[in-house]
Amino acid sequence: QGMRVGTTVTSIASRPSSGGALEAPFMVRRCGYYYLFMSWDSCCKGADSTYNIRVVRGTSVTGPFADKAGTAALQGGGTLIAQGDATFAGPGGQSVMFDGNQAYLVYHAYARSNGAITLRIAELVWDTSGWPVPVGP
């Protein structure tokens, strides 16, 4: 009860060329794909945070995963879903919630004006090829 069945750990995403952070993974299954949402870059610096949200997908929970352009997740692939703008910085720490047929991206971001952290919820829309459409910060 509550114990690991095996000892295998599978790597499913990496940022080998940039060495940048890859954090806060959150996976959901939708329409035959597993979508892995990730936070990249620097969190927790208020208005100076560079966090951004990326997504990859695959047909197995253990991968392989790739972004919309076909770049493998283990080679640094990740389609941009949310990034900072003039009003908010560092969106990340995401999760995805389904309510009936609707999906929502839940995440935090920092106010550019004073660095205050805010919780944000954005409707997640999917394009005709099954990829989530980028949301605002």
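Values below: all heavy atoms of this structure, side chains included; hydrogens, waters and symmetry mates excluded.
Considering all non-hydrogen atoms of both residues, Trp40 and Gly76 come closest at CH2-O, 3.1 Å. The shortest heavy-atom contact between Leu124 and Pro132 is CD1-CB, 3.9 Å. Minimum heavy-atom separation, Ala111 to Ala47: O-CB, 3.9 Å.
A side-chain contact (heavy atoms from CB on, under 4.5 Å) with Val96 is found for exactly one of Tyr104, Phe37, Tyr107, namely Phe37. A side-chain contact (heavy atoms from CB on, under 4.5 Å) with Met38 holds for exactly one of Asn52, Val56, Ile12; it is Val56.
For the residue pair Gln75 / Ser14, no side-chain donor-acceptor distance below 3.5 Å is found, with atom types taken as modelled.
Interatomic distance, CD1 of Ile81 versus OG of Ser39, reported as 12.0 Å (0.5 Å rounding).
Ring pair Trp131/Tyr35 is perpendicular by interplanar angle, where above 60° counts as perpendicular and below 30° as parallel.
Under the 4.5 Å side-chain heavy-atom criterion for ILVMFWY residues, a single connected hydrophobic cluster contains both Val61 and Leu22. Val135 and Val28 fall within a single hydrophobic cluster, where Ile, Leu, Val, Met, Phe, Trp and Tyr side chains are chained together by heavy-atom contacts under 4.5 Å. Residue Ile121 is not grouped with residue Leu105 when hydrophobic side chains (ILVMFWY) are merged at heavy-atom distances under 4.5 angstrom, including chains of intermediate members.
Side-chain N or O atoms of Arg57 include one that pairs as donor or acceptor with a backbone N or O of Gly130 at under 3.5 Å. Remark: side-chain polar atoms of Ser49 are paired, donor with acceptor, to backbone N or O of Lys45 under 3.5 angstrom. Although no hydrogens or angles enter the test, the distance criterion places no donor-acceptor pair under 3.5 Å between the side chain of Gln94 and the main chain of Ile53.
Taking 4.5 Å as the limit, every side-chain heavy atom of Tyr110 sits out of range of all side-chain heavy atoms of Thr118. Residues Leu74 and Ser11 meet the side-chain proximity criterion, which asks for heavy atoms closer than 4.5 Å. By the 4.5 Å heavy-atom criterion applied to side chains, Tyr51 and Glu23 are counted as neighbours. The closest side-chain heavy-atom distance from Arg120 to Pro91 is not below 4.5 Å. In this structure, the side chains of Asp127 and Lys68 come closer than 4.5 Å at one or more pairs of heavy atoms.
A salt bridge is absent between Arg112 and Asp85; no separation between the charged side-chain nitrogens and carboxylate oxygens falls under 4.0 Å. A salt bridge links Asp41 to Arg15: at least one charged side-chain nitrogen sits closer than 4.0 Å to a carboxylate oxygen.
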Practice problem: Check the pair Leu36, Val55 against side-chain contact (heavy atoms from CB on, under 4.5 Å), reporting the backbone distance first and the verdict last. | Solution: CA-CA 5 Å; Leu36 175 62; Val55 66; 5.9 Å; no

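The aromatic ring centres of Trp126 and Tyr33 sit 6.0 Å or more apart.
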